[in-house]
Amino acid sequence: MPSVITIDGPAASGKSSIARLVAKQLGYTFVGTGNMYRAFTWAVLNRGIDPGDAAAVVAVLPSIVFECPVSDGQTHVRLDGHDLTADQLNSDAVNAAVSLVARVPEVRTRLVADQRALIRLGSLVMEGRDIGSVVFPDSPFKIYIDASEEVRASRRRAQGQADNLAERDRIDKARKSSPLVVPDGATLIDNSAITLDEAVQLVLQALNERGLKS
Ligand code: DC
């Protein structure tokens with residue numbers, strides 16, 4: 001049976017970097033679900049739709065062709081037959097709109113189905129906001145990564161991105177449809193004051209204690 005390691009946490013908490021390295025160590029496929037919501041947001045903006053207009057977002061969904069091809073041990077996002085670049089996925093416009101698109105229940109239903117289907121690839125490390133609470137709630141391997149608001153904001157500044165983290169967190173935690181929560185039974189790791197390597201070791205140790213055979 002393939003294993004799924006779920007890694008959730010707020011924006012810029014370091015969860016993607018940690019999850020990517022954990023996946024590499026274990027030889028599992030890395031899945032970043034934030035990029036899936038970012039790809040849909042790109043599609044919405046590209047079609048001239050107001051991301052705050054939920055009905056208009058729902059209406060455009062059938063026209064979005066979305067795939068997650070795998071290479072280099074991780075899934076990528078392909079939209080309408082084109083691979084999206086990191087610059088497109090992390091543009092200021094997408095940062096500002098992604099939480100609005102991600103709170104639309106129909107968007108979530110579609111992406112959660114795609115995320116669950118990725119188990120066909122074998123064992124996964126999947127990161128996001130609702131992976132341990134909604135996508136794979138039965139996984140015994142749940143991690144929640146946090147960092148102080150100050151540390152998270154300074155990481156984003158270092159990446160040269162405009163990103164209103166506090167506002168994104170507010171919308172992500174307050175939405176009705178699968179909000180960001182610490183999943184039941186998750187191990188909480190705060191990486192504000194430790195290195196990336198130390199955080200990865202703590203995650204591997206927690207998984208080991210939970211009986212993950214690596
Ligand atoms: O991890 P990220 O910052 O790239 O995620 C971008 C946005 O996508 C985040 O603000 C909320 C949404 N998201 C979500 O709602 N559920 C997930 N599993 C992953 C991301």
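Numbering of ligands and ligand atoms starts at 1, following listing order.
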- Evaluate salt bridge (Lys or Arg N to Asp or Glu O under 4.0 Å) for Asp130 paired with Arg108, printing each intermediate quantity in order. CA-CA 10 Å; Asp130 60 343; Arg108 306 202 68 80; 2.9 Å; yes
- Honestly, for Arg38 the part within reach of ligand 1 (heavy atoms, under 4.0 Å) is side chain
- So, Arg210 and Thr187: side-chain donor and acceptor under 3.5 Å apart, yes or no?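 Per modelled atom types, Arg210 and Thr187 side chains form a pair under 3.5 Å.
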- For Leu180, what are the other residues in its hydrophobic cluster, where any two members join if their side-chain heavy atoms are less than 4.5 angstrom apart?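 Besides Leu180, the hydrophobic cluster comprises Tyr144, Val182, Leu188, listed by chain and residue number.
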- Item | Hydrophobic cluster (4.5 angstrom, side-chain heavy atoms) - remaining members for Leu100 |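 Other cluster members: Ile171.
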Using a strict 4.0 Å cut-off to heavy atoms of [X], name the atoms of ligand 1 that fall inside it.
X: Arg168; result: 2 (P), 3 (O), 5 (O), 6 (C), 7 (C), 9 (C), 10 (O)
X: Asp130; result: 16 (N), 17 (C), 18 (N)
X: Ser99; result: 10 (O)
X: Lys15; result: 1 (O)
X: Ala102; result: 12 (C), 15 (O)
X: Arg175; result: 14 (C), 15 (O), 16 (N)

- Does Met36 have a non-hydrogen atom less than 4.0 Å from ligand 1? no
- Task: Would you mind checking which non-hydrogen protein atom is closest to atom 1 (O) of ligand 1, with the distance to 0.1 Å?
- Result: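 Scanning the protein heavy atoms, the shortest distance from atom 1 (O) of ligand 1 goes to Arg129 NH1, 2.9 Å.
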- Item | Heavy atom of the protein closest to atom 19 (C) of ligand 1 (residue, atom name, distance) | Thr33 OG1, 3.3 Å
- Query: Would you call Asp80 and Arg47 a salt bridge, taking side-chain N to carboxylate O under 4.0 Å as the test?
  - Reply: yes
- Taking NZ, NE, NH1 and NH2 as the nitrogens, is one of them in Asp8 or Lys142 under 4.0 Å from a carboxylate oxygen of the other? no
- Which heavy-atom pair separates Asn191 from Arg155 by the least distance, and what is that distance? OD1-NH2, 3.1 Å
- Query: Looking only at distance, does Arg108 have an N or O less than 3.5 Å from an N or O of ligand 1?
  - Reply: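 N/O-N/O distance below 3.5 Å exists for this pair.
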- Taking both backbone and side-chain atoms of Asp172, is any N or O found less than 3.5 Å from an N or O belonging to ligand 1?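 Such a contact does occur with ligand 1.
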- Message: Tell me the nearest of Asn35, Val98, Leu180 to atom 7 (C) of ligand 1, using heavy-atom distances.
- Response: Val98
- Could you point out which residue of Thr6, Thr75, Val135, Ile119 forms a side chain to side chain contact (heavy atoms under 4.5 Å, CB included) with Met126?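 Going through the options one by one, the only one that passes is Val135.
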- Testing Thr109, Val112, Val134 for side chain to side chain contact (heavy atoms under 4.5 Å, CB included) with Ser178, which one passes? Val134
